[in-house]
Amino acid sequence: LLESFKFVTALSYTGMFVSMYIFLVALTNPLAALVGAAAYIWAPYHFDINQHRGAVGEMTAMVFWPAIFWSTLQMFKKNYGKGFFSSVIFWALLFYSHPDLFIIIFPLWILVMGIELMLTKNMHAFGTSFRAFGMSVGIMAFYIIPSYVEHQYLGYQSHQGIYTQNFVSWDQLLSQPKIMEFGLPWGALYKSIGWPYIAIAIITTVMVIAHIRRIRTQRIHAYQAAFLIMAGIGIYLVRPASTYLWDHISALAFITYPQRFLGLVMFCLSVSAGLVAGLFTKRLSWIAIGMITVIILFEYPFVNLNYVRDSAESLSVRILDTTDVWGEFMPKAMPPDFIPNGRLRAQQPMITLTPPGPSPTCTQTSQSITCPVHTSSPATVRFRQFYFPGWTAHADTDSLPVTMHTDGTILVFLNKPTETVSITFIKTPLRVFSNFLSVIFLGLYILLGIQTVYTRIQKKPISS
């Protein structure tokens with residue numbers, strides 16, 4: 001696990017740098033693109049998700065944010081094949097890595113699409129971009145359809161209890177550790193925007209105002225105002241002032257943590273850093289080197305690789321495979337014998353018999369629970385496992401229906417004397433259909449790719 005985490009971290013940081021550089025090269029020049037790429041990987045929030053929260057999915061997903069915008073730009077530059085096929089893959093990989101970050105970036109993508117449509121009047125690229133998005137959704141049908149249909153069995157108790165604790169204060173947002181100083185409070189350290197990013201935001205704001213008021217005929221890139229606005233929206237959503245939106249917008253409830261929008265802030269300001277550097281044409285190399293040096297110098301104290309968790313912390317507690325609720329989405333009902341955060345649950349009985357009987361020693365895997373019951377008459381078995389579509393039950397060799405107890409757990413009725421009762425989690429017909437649909441879309445994507453390559457080979461002139 002440790003080596004895998006290091007490997008994914010290395011790939012993620014490398015991928016973030018490369019994808020941001022390639023995206024910004026399409027907007028500006030290579031030196032300015034280096035500035036934006038350096039800003040992106042040195043953003044304090046990236047150290048947070050890596051070193052504090054260990055959020056591997058978020059690290060991976062942020063590789064694909066710049067890649068999606070690059071592939072969209074390719075379509076508006078009339079590189080339809082390259083843009084379409086890369087966009088499908090990047091959207092699917094983003095969704096597969098972290099659906100929350102998919103939701104966060106989608107409004108900014110729509111805004112960029114609108115800007116490109118106004119600038120290029122290219123309706124074909126606009127439509128192709130949405131077709132690529134639609135095909136990626138089809139490829140991810142195996143996840144999207146079941147999660148949409150079966151979310152009715154899940155509640156948001158975790159969201160309701162967590163999001164209010166993850167707003168960020170102004171002191172945290174505007175703080176900056178002293179250069180080369182370590183040992184600062186853990187929570188405050190990684191909720192900062194970072195002074196270099198604040199400076200970029202101020203410079204961009206001044207440039208936008210100057211452009212609007214036509215002061216010195218100040219020129220700005222079309223994206224500067226858009227990304228500045230989205231950074232502002234991201235800051236608003238990490239502040240307690242946005243509580244009303246978090247209470248009433250279901251998509252925000254799905255995202256769970258307000259501080260995740262710091263990722264959007266860092267992304268927008270990193271792009272802005274590259275665009276600002278690209279507008280300084282004189283002595284660009286020195287400006288680029290200077291900006292990169294300032295970013296690294298000021299953000300270096302955020303790197304703290306020697307933090308060791310206390311063995312008594314809750315994350316070190318051993319939890320069970322099938323009966324714990326250790327994620328962000330809990331079932332709608334929380335039975336009284338489910339101690340929060342999965343602690344001490346191994347000491348509780350796996351099943352409850354009615355009429356009462358001795359507590360058997362059950363065996364379990366991540367997808368099954370088997371218990372010897374030795375009942376001499378019909379009985380009811382309540383499993384200490386939350387009900388969700390896909391659970392099936394067997395009494396000895398007979399299949400039995402699975403019902404949901406009033407407290408949300410699994411209930412099985414034994415209609416005759418039984419030696420062993422078990423429940424197993426399998427794919428539902430909905431999930432089988434969703435998997436089949438994903439395979440269909442993936443096959444269609446591959447066939448389109450083969451056809452495109454074959455057509456280009458046919459059109460390529462044969463040299464003498």
Any side-chain to backbone donor/acceptor pair from His98 onto Thr60? Under 3.5 Å, distance only. no

Looking only at the aromatic ring of each residue, does the gap between the centers of Tyr40 and Phe17 stay below 6.0 angstrom? no

Show the nearest heavy-atom pair for residues Glu299 and Gly194, with the distance to one decimal. OE2-CA, 3.8 Å

State the CD1-CD distance between Ile49 and Gln259, to the nearest 0.5 angstrom. 10.0 Å

Which word best sums up how the rings of Phe267 and Trp65 line up, parallel for under 30°, tilted for 30 to 60°, or perpendicular for over 60°? perpendicular

After noting the C-alpha distance and the side-chain angles of Phe69 and Tyr223, does the key distance pass the ring pair (Phe, Tyr, Trp, His ring centres under 6.0 Å) rule? CA-CA 12 Å; Phe69 288 97; Tyr223 285 3; 7.8 Å; no

Expected output: side-chain Tyr197 to main-chain Ala273 donor-acceptor under 3.5 Å: no

Sub-4.5 Å side-chain heavy-atom contact between Phe126 and Thr120: no

Does the pair Arg131 and Thr128 meet the rule for a side-chain hydrogen bond (donor to acceptor under 3.5 Å, both in side chains), with working shown? CA-CA 5 Å; Arg131 284 191 289 272; Thr128 304; 3.0 Å; yes

Examine distances only and state if a side-chain atom of Ser242 and a backbone atom of Leu245 form a donor-acceptor pair shorter than 3.5 Å. no

Heavy-atom closest contact (Phe386 atom, Trp391 atom, distance): O-NE1, 3.7 Å

Straight-line distance of Arg382 CZ to His405 NE2, nearest 0.5 Å: 6.0 Å

Can you confirm whether Gln74 sits close enough to Ser86 that some side-chain heavy atom of one is under 4.5 Å from a side-chain heavy atom of the other? no

Once you round to the nearest 0.5 Å, how far does CZ of Phe106 lie from CG of Leu111? 12.0 Å

Looking at side-chain heavy atoms only, is the closest gap between Phe425 and Thr365 below 4.5 Å? no

Please identify which of these residues, Phe84, Phe130, Trp109, meets the ring-ring contact (aromatic ring centres under 6.0 Å, His included) condition with Trp91. Trp109

Between Asp48 and Leu262, is the side chain to side chain contact (heavy atoms under 4.5 Å, CB included) condition met? List the steps. CA-CA 10 Å; Asp48 172 35; Leu262 281 175; 5.9 Å; no

Taking Thr418's backbone N and O only, do any of them form a donor-acceptor pair with Thr420's side chain (distance below 3.5 Å, no angle check)? no

Would you compute the distance between atom CG of Leu448 and atom CE of Met135 and round it to the nearest 0.5 angstrom? 5.0 Å

In terms of relative ring orientation, are Phe102 and Phe133 parallel, tilted or perpendicular, with 30° and 60° separating the classes? parallel

Looking only at heavy atoms, the pair that brings Ser12 and Val63 closest together is O-CG2, 3.5 Å

Got a donor-acceptor contact below 3.5 angstrom from the Lys77 side chain to the Ala26 backbone? yes

For the backbone of Phe64 and the side chain of Ser19, can you confirm whether one donor and one acceptor N or O come within less than 3.5 Å of each other? no

Search all heavy atoms of Ser192 against all heavy atoms of Pro44 and return the closest pair with its distance. O-CB, 3.6 Å

Looking only at heavy atoms, the pair that brings Thr370 and Ser422 closest together is OG1-CB, 3.6 Å

Taking the side chain as every heavy atom from C-beta outward, state whether Thr409 and Arg384 have any pair of such atoms under 4.5 Å apart. no

For the student: nearest non-hydrogen atoms of Leu119 and Ala222, plus distance: CD1-CB, 4.0 Å

Distance from Ile423 atom CD1 to Cys371 atom SG, nearest 0.5 Å? 8.0 Å

Are the side chains of Asn122 and Glu116 in touch, meaning some heavy atoms are under 4.5 Å apart? no

Apply side chain to side chain contact (heavy atoms under 4.5 Å, CB included) to residues Arg260 and Asp100 and explain how you reach the verdict. CA-CA 9 Å; Arg260 280 186 173 138; Asp100 295 12; 2.6 Å; yes

Determine yes or no for a side-chain-to-main-chain donor-acceptor pair under 3.5 angstrom, with Thr403 supplying the side chain and Leu411 the backbone. yes

Find out whether Thr392 and Ser399 are in side-chain contact, i.e. whether some heavy atom of one side chain is under 4.5 Å from a heavy atom of the other. no

Counting only heavy atoms not in Tyr96, do more than 12 sit closer than 6.0 Å to its OH atom? no

Hey, is CZ on Phe388 packed in by over 12 heavy atoms from elsewhere, all under 6.0 Å? yes

Is there a donor-acceptor pair under 3.5 Å between the side chain of Thr28 and the backbone N or O of Val25? no

Would you say that Phe227 contacts Val112 through its side chain, given a criterion of any heavy-atom pair below 4.5 Å between the two side chains? yes

Here the gap from Ile410 atom CD1 to Tyr387 atom OH, rounded to the nearest 0.5 Å, amounts to 8.0 Å

So, Asp396 side chain and Asp398 main chain: donor-acceptor pair closer than 3.5 Å or not? no

Leu353 and Val381: side chain to side chain contact (heavy atoms under 4.5 Å, CB included), yes or no, with the steps? CA-CA 5 Å; Leu353 288 171; Val381 182; 3.5 Å; yes

Under the criterion side chain to side chain contact (heavy atoms under 4.5 Å, CB included), I'd like the reasoning laid out for Ile235 against Ile193: C-alpha separation, chi angles, the key distance, then a yes or no. CA-CA 9 Å; Ile235 292 175; Ile193 296 176; 3.8 Å; yes

Looking at side-chain heavy atoms only, is the closest gap between Glu150 and Arg431 below 4.5 Å? yes

Between Ser438 and Ala141 (side chain of the first, backbone of the second, donor and acceptor by atom type, cut-off under 3.5 Å), is there such a pair? yes

